[in-house]
Amino acid sequence: MAKSYQAPRGTQDILPPVSDRWHHLESTFRKVCERYGYQEVRTPVFEESGLFARGIGDATDIVSKEMYVFEDRGGRSMALRPEGTAGIVRAFVEHKLAGEKSAWKVFYFMSIFRYERPQAGRYRQAHQVGVECFGPTGPDADAEVIALNMAWYRELGIRGHELRLNSLGCPVCRPSHRQALSEALSEVRGDLCPTCQGRMETNPLRVFDCKSAECQALVASAPSTVDYLCAECQSHFARLRDLLEAMELPYELAPRLVRGLDYYTRTAWEVKYSGLGAQDALCGGGRYDGLVEELGGPATPGIGFAAGIERALYALEQGGIEIPGRSARGTLVIGLDEESRRRALLLAESIRGHGLRAETDYFDRGLKAQMKQADRLGARWAVILGEDELKTGRAVVRDLESGDQSEVPIDDVPGWLDRA
RNA sequence: GCGAGCGUCGCCCAGUUGGUCAAGGCGCCAGAUUGUGGAUCUGGAGAUCACGGGUUCGAGUCCCGUCGCUCGCCCCA
């Protein structure tokens, strides 16, 4: 026996019929996006690794320990994308798509890669859908993107998820918050977990989403971002909340929600789903007003989110939500001997010519076995061709749902099926 | 990177204190009178019990190692 291979750790093969479920999620997402005027964008699976280091932030876990980095044959440092936004911003800048009073609204469906130990809801190659909206500064865009995000889940039928919302401030108000936070934390520094002590140097905000009970307790009374918002950030946030309420999109204020990417400004949100286990985030999003400039483009605000496909699927399963199944359709054309098999193949081809699904047997099976196969294929019709049929020129067409049979002139079968 | 559990036919899995040990279900194939599916019945194919060592008269069952999977920590989709 030759050596056999397995899919790499943390990757998965998506086989039928599960692939139908994936297709359903994707097509639903496309439909929702188009409703909001978003168009599809596709960017490379790998980019210069510097793009991610610069865009996402050197100090983030994603960049510091989870990237699939490799050197290409030209000695350039490349990385499999660990998330979608950086590459799309790069494309936006590269193709000079910025313009005054214009918005570039795109959606995507992509694989992302992170070198981590896989567990429930977490993979090394994961899949996300998401949108990005470049241009608008105002909270209307925030509200629209969040609404789109929630519309997808609604359309899928997912229930029991929770939208959590925060505002992280902007370069005007952040420094004062950061300083206040650092001061508050340094008083209790010794009681923080080792990781958080390190975070105090790199990004004190991240202490907020530490899961250690001690850090949580210490941070509970620490100054939150919303308390330090400048006047503009305040009114932006207030307006957004007003819009969400007016759209009847319930949310929970999450003053300690900070997200793991450095580029977010002002609005940040995530959607949690309690049934998911340790990885309870269905998606994450936020505004990134400084990112385009950071990546060499003209100062352009942006906002977007990314949602995990695997996690949405899991939520669907947990909720016992059935996706629309395939109803019985299509035809198996059965031939019984050499000559009728030949005719069966030609007839199937002619049925396909009418835009209908048709198949034939490949294994020289008998009538009974072929009927059984028709059933397994989920076919609606079986068309039988044997010696008698070839002689009379009339095929037996059997409706597998009702069991009714009729004789139809062989050449009329495609049209007959088309009308049926 | 760390911790825990698991690894028996394509799939789900039984295998008691080590001695008919390779069982059952699903699926697959073939029959149940002559050219007909989905139900039932009968039969059949299919497993060197993840891999490599060790203990023992004897190991799927005990020990060690390797690989893999799963769950958790960190963090996130």
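In this text, all values refer to a predicted model and were calculated from it rather than measured experimentally. Order of the sequence lines fixes the chain letters, A, B, ..., with proteins taken first and strands second; residue numbering starts at 1 for each chain.
- Proximity of Val383(A) to Ile334(A): side-chain heavy atoms (C-beta onward) are nowhere separated by under 4.5 Å.
- Side chains of Leu25(A) and Leu156(A) form a contact here, defined as non-hydrogen atoms less than 4.5 Å apart.
- In this structure, CZ on Phe305(A) lies 5.5 Å from CG on Leu148(A), to the nearest 0.5 angstrom.
- One P atom belongs to G10(B), the other to G72(B), and the distance between them is 29 Å to the nearest Å.
- Across all strands shown, G18(B) remains unpaired; no Watson-Crick or G-U wobble contact has both distances below 3.5 Å.
- Taking the six-membered ring where the residue is Trp, the centroids of Tyr251(A) and Trp269(A) are separated by 6.0 Å or more.
- The base of G38(B) does not come close enough to the side chain of Asp375(A) for any donor and acceptor atom to sit less than 3.5 Å apart.
- Between the C1' atoms of C64(B) and U56(B), the separation comes to 16 Å (whole Å).
- Rounded to the nearest 0.5 Å, atoms CG (Leu295(A)) and CZ (Arg90(A)) are 10.0 Å apart.
- To the nearest angstrom, P of A77(B) lies 8 Å from CZ of Arg311(A).
- Side-chain atoms of Gln405(A) come within donor-acceptor range of the base of U36(B), with a qualifying N/O pair under 3.5 Å.
- No engagement by Gln125(A) is indicated, since no non-hydrogen atom pair under 4.0 Å with the nucleic acid exists.
- The partner of C2(B), taking Watson-Crick or G-U wobble pairs whose two distances both stay under 3.5 Å, is G72(B).
- With distances taken from any side-chain atom of Gln128(A) to the nucleotides A77(B), U36(B), C76(B), the minimum falls on A77(B).
- Counting any heavy atom pair closer than 4.0 Å across all strands shown, Gly121(A) reaches a base atom.
- Computed from coordinates, the Asp364(A) CG to C29(B) P distance equals 14 Å when rounded to whole Å.
- Using Watson-Crick or G-U wobble geometry with both donor-acceptor distances under 3.5 Å, A45(B) finds no partner in any strand shown.
- Within 4.0 Å (heavy atoms only), Ile334(A) reaches no atom of the nucleic acid at all.
- Contact check, Arg206(A) against C76(B): a side-chain N or O comes under 4.0 Å of OP1 or OP2.
- Comparing C6(B) with C13(B), their P atoms sit 14 Å apart, to the nearest whole Å.
- Rounded to an integer number of Å, the gap from CD of Glu401(A) to C1' of G38(B) is 12 Å.
- Using P as the reference atom, C9(B) and A4(B) are 27 Å apart when rounded to the nearest Å.
- Aromatic pair Tyr288(A)/Tyr264(A): ring centres not closer than 6.0 Å.
- Within the nucleic acid shown, Ala126(A) comes within 4.0 Å of at least one base atom, counting heavy atoms only.
- Applying the Watson-Crick and G-U wobble criteria (two distances, each under 3.5 Å), G24(B) pairs with C12(B).
- Side-chain nitrogen and oxygen atoms of Arg365(A) include at least one within less than 4.0 Å of the OP1 or OP2 phosphate oxygen of C29(B).
- Comparing G72(B), G68(B), U36(B) by their closest approach to the side chain of Arg9(A) singles out G68(B).
- Within 4.0 Å of Glu66(A), counting heavy atoms only, lie sugar-phosphate atoms of the nucleic acid but no base atom.
- For Asp337(A) and G35(B), the CG to P distance is 12 Å, given to the nearest whole Å.
- Rounded to whole Å, atom C1' of C76(B) lies 17 Å from atom OH of Tyr314(A).
- Between Arg122(A) atom CZ and C76(B) atom P there is a gap of 10 Å when expressed in whole angstrom units.
- Using N1 to N3 plus N6-O4 or O6-N4 for Watson-Crick, or N1-O2 and O6-N3 for G-U wobble, each under 3.5 Å, U61(B) pairs with nothing.
- Between Gly366(A) and Asp388(A), it is Gly366(A) whose nearest contact on RNA chain B lies nearer the 5' terminus.
- With a cut-off of 3.5 Å on both Watson-Crick or G-U wobble distances, the partner of G38(B) is given as none.
- As rounded to the nearest Å, G38(B) and G44(B) have C1' atoms that lie 22 Å from one another.
- Pair check for U56(B) finds none; no Watson-Crick or G-U wobble contact set falls under 3.5 Å.
- Distances shorter than 4.0 Å separate some side-chain N or O of Arg376(A) from OP1 or OP2 on C29(B).
- Looking only at side-chain heavy atoms (C-beta outward), Met371(A) and Leu367(A) come within less than 4.5 Å of each other.
- Listed pair Gln119(A) / U70(B) fails the phosphate criterion, with no side-chain N or O lying under 4.0 Å from OP1 or OP2.
- Residue contacts shown for Leu313(A) are absent, as no nucleic acid heavy atom lies under 4.0 Å away.
- Both distances falling under 3.5 Å, in either a Watson-Crick or a G-U wobble arrangement, place G7(B) opposite C67(B).
- In this structure, of A77(B), G38(B), U36(B), it is G38(B) that holds the atom nearest to the side chain of Lys372(A).
- With Tyr68(A) as reference, Tyr115(A) is the one residue of Tyr115(A), Phe46(A), Phe52(A) to meet the ring-ring contact (aromatic ring centres under 6.0 Å, His included) rule.
- Of the C1' atoms belonging to U20(B) and U61(B), the separation is 15 Å, rounded to the nearest Å.
- Base contact: Glu116(A) has a heavy atom under 4.0 Å from a base atom.
- Rounded to whole Å, atom P of G1(B) lies 15 Å from atom CG of Asp61(A).
- Atom CZ in Arg117(A) sits roughly 11 Å away from atom C1' in G68(B) (whole-Å rounding).
- A distance of about 15 Å separates the C1' atoms of U48(B) and A59(B), rounded to the whole Å.
- Taking the C1' atoms as reference points, G25(B) lies 33 Å from G35(B), given to the whole Å.
- Of the candidates Thr331(A), Leu347(A), Val333(A), Leu347(A) is the only one forming a side chain to side chain contact (heavy atoms under 4.5 Å, CB included) with Val413(A).
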